[in-house]
Every structure is written in structure tokens, then in C-alpha cells.
Amino acid sequence: MSENTKIGPVRVRFAPSPTGYLHVGGARTALFNWLFARHQRGAMILRIEDTDAERNKPELVQGIVEGLRWLGVDWDEGPFYQSQRTDLYQAAGKKLLASGAAFLCYCPAERYAGGDHAVEAQDDEPKAPGARRIVRCTCRDGKPSTPGTKPALRFRVPIGGTTKFFDAVFGEREFSNDEIEDFVLLRSGKGDEEFGQSMYQLGVVVDDIDMRITHVIRGADHISNTPKQVLLYRALGAEAPIFAHVPLILGPDKSRLSKRHGATDVNMYRTEGFLPEAFRNFLALLGWAPGGDEEFLRTKELLEKFSLEGVSRTNAVFDRPKLEWFNTQYLQKLPIEDLLPEVEAELKRSHLWKDEWASGAGREWFAKTVDLLRPRIRLLPDFSSWSRAFFSDDFEIDPEAKAKFWKDPKVPELLAKLAEKLAAIAPSDWNHDACDHALRALAEAEGIKAGLLINATRVAIVGQAVAPPLFDTMVVLARDRVVNRLRRALPAQAAG
RNA sequence: GGCGCUAUGGUGCAACGGUUAGCACGUAGCCCUUUCAAGGCUAAAAUACGGGUUCGAUUCCCGUUAGCGCUACCA
């Protein structure tokens, strides 16, 4: 609407750090950025924040990129790697040093590291009010605390006053400068380098300025970092962007979502067989709502409706049962042509795919079969496992199904008779009602309930107690397969 | 410990001063039925607590409590 009219085209970025896989929190941040960018017809940029050589695992970038692709999140620029942009950060750091906005710090790193385990600050050192941590470094007046060591570059945070910024989700925010520590901009150099790698705060700000980012949409865990970054923008002579901090995703116990809560890697949902669009719909509704009660929102609608105003300020619990519900909804409601490629890919993965299903009559059969199966499918791999008998003659008969529906001693005889009756139907007359009549006529002639024969037949032709309605299944399998499977089932029954 | 953020059923969201507090997931029951789903109907279930402001608070303000975040030469 109007929030971006004076700052030109929207430019946003997703900036993961390759210290782990793409987790659902990051995925949602990426999704929100993407929805916002596409809704605003702006640009989406991917930037890899790999300035920590120690923790960084370059091979993880591949997985992150795959996760984003699966999610359907694409980008217009990048990926850019911060590890390849060090000159920019060094230059910015030196500029800040020259202007007096930063200073050299000779303190040993351990002096500040480790939170509660940090070295106790001396009584005469400026500390955050009531806290043990050191907020003002004694090096800021130019006197090296530990001469002879290589210095890091720290930002000279103003004494007194406040730093403000606007957050599209949380509103106007104001932080007291006395709470902000003299944070490190550039690590101390090793060997003969003047400085080491850039720290997070400097890299982010330098890049966001350089890439002309207009809206910084990221997790709410960064809200306390924001005043530091605003200070940096000012010191670098740039205008701060609009921030939008999105609430975090929690596990069922309301603690921050982590591995012990189960799958947090987006790629695990892909391999489990969730539909990306269902996953996207679910994720979009975690911390955002379009305002009404609609929940089944296809990506097109998400794109139309997304706005930062609808983003919630409260953390949300990742509710897997609801994700599963979304998946079954998509499995059932998607236009069949949207679902077919997913099923095709699944059958290829499990080597059940036949090329004859790619087009023509084969495609029609495939569409009809998938349509018959879909109400009972929960995850894509169910097409290969649970529905195997629809795509292959090579399937097992489930022992529990036998025990349940082949109990009656008359079953072998009944199935044999049914096979002969069905075999007598001309292929051109093979349809739901013909099968229905043939079976019910037999049941009546034998003086048994149709249900007994229906259930026994189902086990014989698909090997399971659970399947789509029998006569629809028979139509899809066609006469010869049904008859063959009935005949084949008899020795299996005797053996079982 | 300090600073910050948040608070509607078990969960995700709606209601942006006036509703019998709505929808969905999940749960329970019923219907449908040829197995199992799906679908339909019904039920139980919430404004954290205490103060204000107001004719009127879920909604605005303060406090308490709880949860979460930040508090690294991590990002």
C-alpha cells in the first residue's frame, strides 16, 4: 500500500547462515520475505552469512538451497556469500575507525565471552545497570588494555540517549544506549592480517546498505540486535530500512523448536512426502493470518493477501497434526492435474512408474486411479506402498487382512466362483455396475451377505483390508487383472 | 542477574471499545457405509491474575505471574 511509496521498489533478502540445515523457522522467514517481495512486485535476494569460518559448513548451502526450491521460494539475486565480500566490511570498518565511530580493542576475547562465565568486570568498569557484563570497553579512550596483541574493532556506542527504529510488526521501538555493549565489528587479525573476518552486525548492515534492502524481515530473536544495527546505519551515513520481526516457532512444550521436538529440517518434510504447497500454506499461517477465517489458501491466494500488518507478535507452536491435515486437504482438493506430477515423481522414486502413463489413454487411467486413491492417502509415499497393487502386480497379501476377511471356510470356493463369473463379462461391459451385479448375484445364490464376499475379494485383488470402494477398484484394475488375482489368491489362501 | 517481547479453548488464528467471543486442527459422540478414509451433524473446551480508564473492556494503561528472546572476537 503506502508504506513503501517513498522508498521505491521493495527489496528484501533471506540471509541464512550455513551452520545447519534449513529449519522450519528459517523456512518461514524465507517464505514471508518471498510472499512480501512477490506481493509487492519487489526483489528477493539470497545471501549466505558465512563469516564464521569455524562453524560454517559450506556443504550445507546445497541443502538450504534445495529446501528453498522445494518450498517454492525463488530469488532474483544471489546467492551472495559474505565470505567473498570481506573487502567491503574491512573498508567499512576502517571508515568507522577513521571517523571515530569505532575504536581498537586490545582486550583478550575471553574477557567478554561466555555470558555468565565471563570474567568479572572490575568495579570501576562501566557495566550494564545491575549486570555483570561489560558494556563499555576500557580501550575506547585509546589506551590498549593489553598492549602487544592484535586489536579487534569495536563500535563506540553513544553514552546516554536512546536509539529508535520502526518495526512493521512491533511498532516504534526505543532502546537505551546504555544497555548496548561496545560490540565487535571486525575480529582481531591472525598472522599478518590487519583485521579478521567481519562480525554479524557489520556484515549485515554493510550488505543491506549495499544491496539496497528496503525491508528487513527476520526472526524476532534479532529484535535486540536492531538498535546496534541502526547505530551502524547512522555511522555509515545510510538510512535504516523498515524492520519486520516475525515471532518465533516453538515446539509443543513451548520451548524454542529444536531437534528434540522431531523433524525441524525442511528437507525431512520433503522426503516424508508432504506436498510443498500444503507445507507452504501451513507455514504461512504460523504467525500470519489474512484477517478472516479462511485457511485453505493456495499459493496464489497467499500471494494476493500477504501483508506485514497481518503478522502476529506472539510465538507459535508448530502443530504437526495440523500440517498433516493440510496435506490431506491438498491431496484431496487439488485439481488432479496439479497432483499428478507429484505422484509421478513418487512412483519414479520407488521404481513403480511405467512410461505408458505419461500420455494418452495411459494418462487417463493414471489420473483416474490417482483420483480414486487420493482420499485415503496421507503422504506421497503412500502411493507406492499402500497403493502398490494399483501400480504393480508384484504385491504381498497382508496376513492381518487374510485373518480378518478370509476367516470363513467358504471363501476359497466363493472366490473361485466369482472369478469365473467375472471372467464371463466381456471387457467392453466391464464397469462398476456389472461387477456389482455379478458379485451380489453370487452372494445371493450362495445365501451369504454381500459384505463377506466384498471384503474377501478386496483382500484378494489388492492384498489389503483397506482400499477404495471395491467396484471402483475393479474397474481401474480391469477384468483380467481382477480375475487373475482372484485365481492367484486361492493357493495363497490355502497356504495362509 | 540486566534489558526486551508476548499473553483468546490443548494447538493455529478471528473479533482492531459494544458479538450468545467466531473459524480451523485435535478430542468425543452420531449419521453415512462394503473395509478404511473422506464428508455431514453435534458436544466439551478460552479472553493468565490483580488493579485502573470508560456508560461499556478480549480490545487502552499499570502491576504481578508465566513463556520466549538478547545479553560471544556465533549468526
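Order of the sequence lines fixes the chain letters, A, B, ..., with proteins taken first and strands second; residue numbering starts at 1 for each chain. What you are looking at is a predicted structure, and each value in this text was computed from that prediction instead of being measured.
To the nearest angstrom, P of B:A7 lies 13 Å from CG of A:Leu250. If you take CZ of A:Arg55 and P of B:C73, they are 11 Å apart, rounded to a whole angstrom. For the pair A:Phe471 CZ and B:U35 P, the interatomic distance rounds to 12 Å; values are reported in whole Å. We find that CD of A:Glu294 is positioned 17 Å from C1' of B:C25, with the value rounded to whole Å. Atoms CZ (A:Phe326) and C1' (B:A24) sit 8 Å apart, rounded to a whole Å. Spacing between atom CG of A:Leu323 and atom P of B:G12 amounts to 15 Å, rounded to whole angstrom units. In this structure, the CZ atom of A:Arg218 is 12 Å from the P atom of B:C70, given to the nearest Å. Between A:Phe282 atom CZ and B:C25 atom P the separation is 14 Å, expressed in whole Å.
At the heavy-atom level, A:Gly291 lies under 4.0 Å from the strands shown only through sugar-phosphate atoms. Across all strands, A:Glu49 comes closer than 4.0 Å only to sugar-phosphate atoms, never to a base (heavy-atom distances). Here A:Ser312 lies out of heavy-atom contact (under 4.0 Å) with every strand. Counting any heavy atom pair closer than 4.0 Å across all strands shown, A:His245 reaches no nucleic acid atom. Within the nucleic acid shown, A:Ala467 comes within 4.0 Å of at least one base atom, counting heavy atoms only. Using a 4.0 Å heavy-atom cutoff across all strands shown, A:Pro321 reaches sugar-phosphate atoms only and no base atom. When heavy atoms are screened at a 4.0 angstrom cut-off, A:Ala152 is found touching base atoms of the nucleic acid. When heavy atoms are screened at a 4.0 angstrom cut-off, A:Leu286 is found touching the sugar-phosphate backbone but no base atom. Nucleic acid contact for A:Arg256: sugar-phosphate only, since backbone atoms but no base atoms lie under 4.0 Å from a heavy atom of the residue. Among the heavy atoms of the strands lying under 4.0 Å from A:Gly287 are primed sugar atoms or P, OP1, OP2 only; no base atom is included. Note on A:Gln201: a base of the nucleic acid sits closer than 4.0 angstrom, heavy atoms only. Contact annotation for A:Thr314: backbone-only contact, meaning every heavy-atom pair under 4.0 Å involves sugar-phosphate atoms and none involves a base.
Counting atom types as modelled, A:Asp50 pairs no side-chain N or O with a base atom of B:A75 as donor and acceptor under 3.5 Å. For B:C3, its base never sits under 3.5 Å from the side chain of A:Ser224 at any donor and acceptor pair. Donor-acceptor pairing under 3.5 Å, judged by distance alone, is present between the side chain of A:Asp293 and the base of B:G22.
Aromatic ring pairs are classed by plane angle as parallel below 30°, tilted from 30° to 60° and perpendicular above 60°; the pair A:Phe282 and A:Phe279 is tilted.
For the C1' atom pair drawn from B:G51 and B:C30, the interatomic distance equals 47 Å after rounding to whole Å. B:C36 and B:G29: their P atoms are spaced 15 Å apart (whole Å). Between B:A21 and B:A57, the distance separating the two C1' atoms is 13 Å to the nearest Å. The C1' atoms of B:C73 and B:G12 are separated by 41 Å, rounded to the nearest whole Å. Taking the C1' atom of each, B:G18 and B:U59 are spaced 11 Å apart, rounded to whole Å. Taking atom P in both B:U19 and B:U58, one finds a spacing of 9 Å when rounded to whole Å. Remark: the separation of the C1' atoms in B:C23 and B:A14 is 7 Å, to the nearest Å. Here, B:A43 and B:G9 have their C1' atoms 14 Å apart, quoted to the whole Å.
For A:His222 and A:Tyr200, the gap between ring centers is short of 6.0 Å.
Contact between the side-chain N/O atoms of A:Arg376 and the OP1/OP2 oxygens of B:A38 is not found at any separation under 4.0 Å. At B:C5, one or more side-chain N or O atoms of A:Arg173 fall inside 4.0 Å of OP1 or OP2 (strictly under the cut-off). For A:Lys254 and B:U11, the shortest distance from a side-chain N or O to OP1 or OP2 is below 4.0 Å. In terms of phosphate contacts, A:Arg187 brings no side-chain nitrogen or oxygen within less than 4.0 Å of OP1 or OP2 of B:A72. Within the structure, every side-chain polar atom (N or O) of A:Arg313 is placed at least 4.0 Å from both OP1 and OP2 of B:G69. Between A:Gln329 and the phosphate of B:G39, there is a side-chain N or O to OP1/OP2 separation shorter than 4.0 Å.
Take the nearest nucleotide of RNA chain B for A:Thr19 and for A:Pro468: the residue whose nucleotide is more 5' is A:Pro468. Taking for each of A:Asp472 and A:Gly292 the nucleotide of RNA chain B with the nearest heavy atom, the 5'-most of the two is the partner of A:Gly292.
Nucleotide B:U59 is matched to nothing when pairs are restricted to Watson-Crick or G-U wobble geometry with both distances under 3.5 angstrom. Using the Watson-Crick or G-U wobble rule with both distances under 3.5 Å, B:A15 pairs with nothing in any strand shown. Base pairing of B:A48: its partner is B:U64, meeting the Watson-Crick or G-U wobble criterion (both donor-acceptor distances under 3.5 Å).
In summary, A:Asp382 and A:Arg376 do not engage in a salt bridge, as defined by a charged side-chain N under 4.0 Å from a carboxylate O. Electrostatic pairing of A:Lys150 and A:Glu194 does not count as a salt bridge here, judged by no charged N lying under 4.0 Å from a carboxylate O. Electrostatic pairing of A:Lys404 and A:Asp398 does not count as a salt bridge here, judged by no charged N lying under 4.0 Å from a carboxylate O.
No more than 12 heavy atoms of other residues, nucleotides or ligands shown are found within 6.0 angstrom of CZ on A:Arg313.
Candidate nucleotides B:G12, B:C68, B:C73 were compared by shortest atom distance to the side chain of A:Leu248, and B:C68 ranks first. Nearest nucleotide to the side chain of A:Ser17, out of B:A75, B:G12, B:U35: B:A75.
Between the side chains of A:Ser258 and A:His23, no donor N or O sits under 3.5 Å from an acceptor N or O.
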Test A:Phe395 against A:Phe390 for ring-ring contact (aromatic ring centres under 6.0 Å, His included), laying out the working first.
CA-CA 9 Å; A:Phe395 64 91; A:Phe390 287 79; 9.3 Å; no
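At least one cation-pi condition fails for A:Arg173 and A:Phe170: the charged atom is not both under 6.0 angstrom from the six-membered ring centre and inside a 45 degree cone around its axis.
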